[in-house]
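Single-structure report; data block below.
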Amino acid sequence: MKALVAPSYGPLDQLVVTDAPDPSPGPGELLVRVEAAGLNPLDAALVTGAMRAMMPVEHPFIVGMDAAGVVEAVGEGATGYEIGDAVVAYTHFHPGTIAEYTKVSVGPHVAKRPAGLDAVRGAALPSVSLTSECVLEAARAEAGQTILIIGASGGVGSFTVQLAAQAGLRVLATAAPADADYVRGLGAHDVIDYTSTDPVKEAQRLAGGRVDVVLDLVNRGPALLGTADAVKDGGRLLSTLMGPESFERGITVVYVRMSAREGQLQSLSERVTAGPLSVEVAATYPLDDAPKALAEFASGRYSRGKVVVTV
């Protein structure tokens, strides 16, 4: 099969689309013929070796974690799926979706793809939707409270804006001017132009003081100390990145890690198909251009939604 392969740890320009061994499903696994694969920031970190201490990979390494496709074979003991079923999946610790075929373990990270959900949007869905639900659960916010989302136009940010708005929260969201109308359309009550305004000070002005919850999808490490100034005493600061373990004021800091419950991805897929939720795809690339796709995605060329490789 053809696949996007990294021969070793190194820069993204070493990536090649080349032949790789055809996978076969083991016990409890599905073999999926990939139709489309979504890109994630973690993909680039695994290629370069930036995450090797926490998540080492074996080489040659096939890139990719999000996929939509069709079940080609069913491994021993893998129940609930049949050959020909359309699925969406997140492979996480077993990457390899930017390829003609990939393996997926039956469980909460795979779901049957509703008839109205095309492969491209399906491939953009799993990791961002599951992460966003984890974020909203960690927020522990009630209707009427205010959340500031820093990085609102990206994959996780745009999905979290929708979930938060639909839960009755007042959403303050940062975005570039070109993305302001898009973020408002997702449900943001106020959009802060981070290119010309200090998001923390502007959020305090709009809210009339510090806010209940802040989700920072952009800053990491010591930079989160500045973000924390937007959070009221007793409030919560959420991040999907790493940062300090303690802060001077009495706020709760949660570093959110994605997890999934059985049926959760199925429910999210159905909500996107029905219309209450949407997933934005900024660009698609064919498999032969997958090295270019990941390089341009990692460079920050796309500020809105997800980038998908079609197979």
Side-chain angles (χ1 to χ4, degrees), residues 1-23 26 29 32 34 37-67 89-105 107-110 123-124 126-128 130-132 134-135 138 151 154-157 216-224 238-245 253-260 285 287 289-302 306-309:
M1 70 172 183
K2 292 173 66 177
L4 180 62
V5 176
S8 62
Y9 288 124
L12 297 181
D13 61 13
Q14 70 170 322
L15 290 169
V16 292
V17 176
T18 188
D19 290 331
D22 290 346
E29 293 181 332
V32 175
V34 179
L39 301 185
N40 293 295
L42 183 55
D43 295 328
L46 294 179
V47 171
T48 62
M51 291 289 292
R52 76 176 75 185
M54 296 177 62
M55 196 175 171
V57 300
E58 295 182 1
H59 295 94
F61 168 61
I62 299 176
V63 185
M65 298 178 180
D66 278 323
Y90 179 65
T91 63
H92 194 38
F93 287 108
H94 303 282
T97 61
I98 306 179
E100 292 179 311
Y101 296 92
T102 194
K103 295 190 298 183
V104 177
S105 296
H109 294 104
V110 62
S127 62
V128 297
L130 291 170
T131 301
S132 297
C134 289
V135 164
V156 172
D216 193 333
L217 298 164
V218 175
N219 298 296
R220 67 174 71 220
L224 279 177
L238 313 178
S239 170
T240 57
L241 307 171
M242 299 301 291
E245 290 301 319
V253 181
V254 182
Y255 295 109
V256 181
R257 294 293 175 263
M258 193 271 277
S259 61
Y285 293 73
L287 179 57
D289 288 342
K292 178 182 178 182
L294 186 55
E296 293 190 343
F297 173 71
S299 74
R301 174 179 177 180
Y302 300 103
K306 296 277 285 183
V307 173
V308 173
V309 173

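Because the structure is predicted, anything quoted here is derived from the model rather than measured. For this chain, numbers begin at 1 and follow the sequence in order.
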| said: Quick check: closest heavy atoms across Asn219 and Ser239, and the distance to 0.1 Å? | reply: O-OG, 4.3 Å

| remark: Residues Leu238 and Ala138: closest non-hydrogen pair is CD2-O, 3.9 Å

| field | Under the salt bridge (charged side-chain N to carboxylate O under 4.0 Å, His left out) test, residues paired with Glu100 that sit two or more places apart | value | none

| message | Under the rule for salt bridge (charged side-chain N to carboxylate O under 4.0 Å, His left out), what residues qualify as partners of Arg301, not counting sequence neighbours? | response | Glu296

| field | side-chain hydrogen bond (donor to acceptor under 3.5 Å, both in side chains) against Ser299, all qualifying residues, sequence neighbours excluded | value | none

| field | Non-hydrogen atoms of Ala89 and Val110 that approach each other most closely | value | CB-CG2, 3.9 Å

| message | Within this structure, what is the OG1-CE distance for the pair Thr97 and Met65, rounded to the nearest 0.5 Å? | response | 8.5 Å

| Results of side chain to side chain contact (heavy atoms under 4.5 Å, CB included) for Pro291 - residues two or more places apart only | Leu4, Leu15, Val17

| Do side-chain atoms of Thr102 reach the backbone of Val32 as a donor and acceptor pair under 3.5 angstrom? | no

| field | Gap between atom CE of Met51 and atom OH of Tyr9 - 0.5 Å precision | value | 10.0 Å

| remark: Ala123 and Val308 have their tightest heavy-atom pair at CB-CG1, 4.2 Å

| query | Partners of Ser127 by side-chain hydrogen bond (donor to acceptor under 3.5 Å, both in side chains), sequence neighbours excluded? | reply | Asn40, Asp66

| request: Decide yes or no on side chain to side chain contact (heavy atoms under 4.5 Å, CB included) for Ile98 and Leu39, but give the supporting numbers first. | output: CA-CA 9 Å; Ile98 306 179; Leu39 301 185; 3.4 Å; yes

| field | Value rounded to 0.5 Å, distance of CE in Met55 from CG in Leu42 | value | 5.5 Å

| request: Give the C-alpha distance, both sets of side-chain angles, the deciding distance and a yes or no for side chain to side chain contact (heavy atoms under 4.5 Å, CB included) between Met1 and Asp19. | output: CA-CA 5 Å; Met1 70 172 183; Asp19 290 331; over 6 Å; no

| remark: d(Thr240 OG1, Met258 CE) to nearest 0.5 Å is 11.5 Å

| note | Minimal heavy-atom distance between Pro60 and Val5, with the atoms involved, is CB-CG1, 3.6 Å

| Trace of the side chain to side chain contact (heavy atoms under 4.5 Å, CB included) decision for Tyr255 with Glu245 | CA-CA 9 Å; Tyr255 295 109; Glu245 290 301 319; 4.2 Å; yes

| query | Between atom CG of Leu217 and atom OG of Ser132, what is the distance when rounded to the nearest 0.5 Å? | reply | 8.0 Å

| query | Can Phe297 and Lys306 be said to form a side chain to side chain contact (heavy atoms under 4.5 Å, CB included), step by step? | reply | CA-CA 9 Å; Phe297 173 71; Lys306 296 277 285 183; 5.8 Å; no

| note | CD of Gln14 to OG1 of Thr48, rounded to nearest 0.5 Å, is 9.5 Å

| request: Check the angle between the aromatic planes of His109 and Tyr90 and answer parallel, tilted or perpendicular using the 30° and 60° thresholds. | output: tilted

| request: Name all residues meeting the side-chain hydrogen bond (donor to acceptor under 3.5 Å, both in side chains) criterion together with Lys292; count only those two or more places apart in sequence or in a different chain, and write none if there are none. | output: none

| said: Give me the atom names and distance for the closest heavy-atom approach of Val128 to Val156. | reply: CG1-N, 3.9 Å

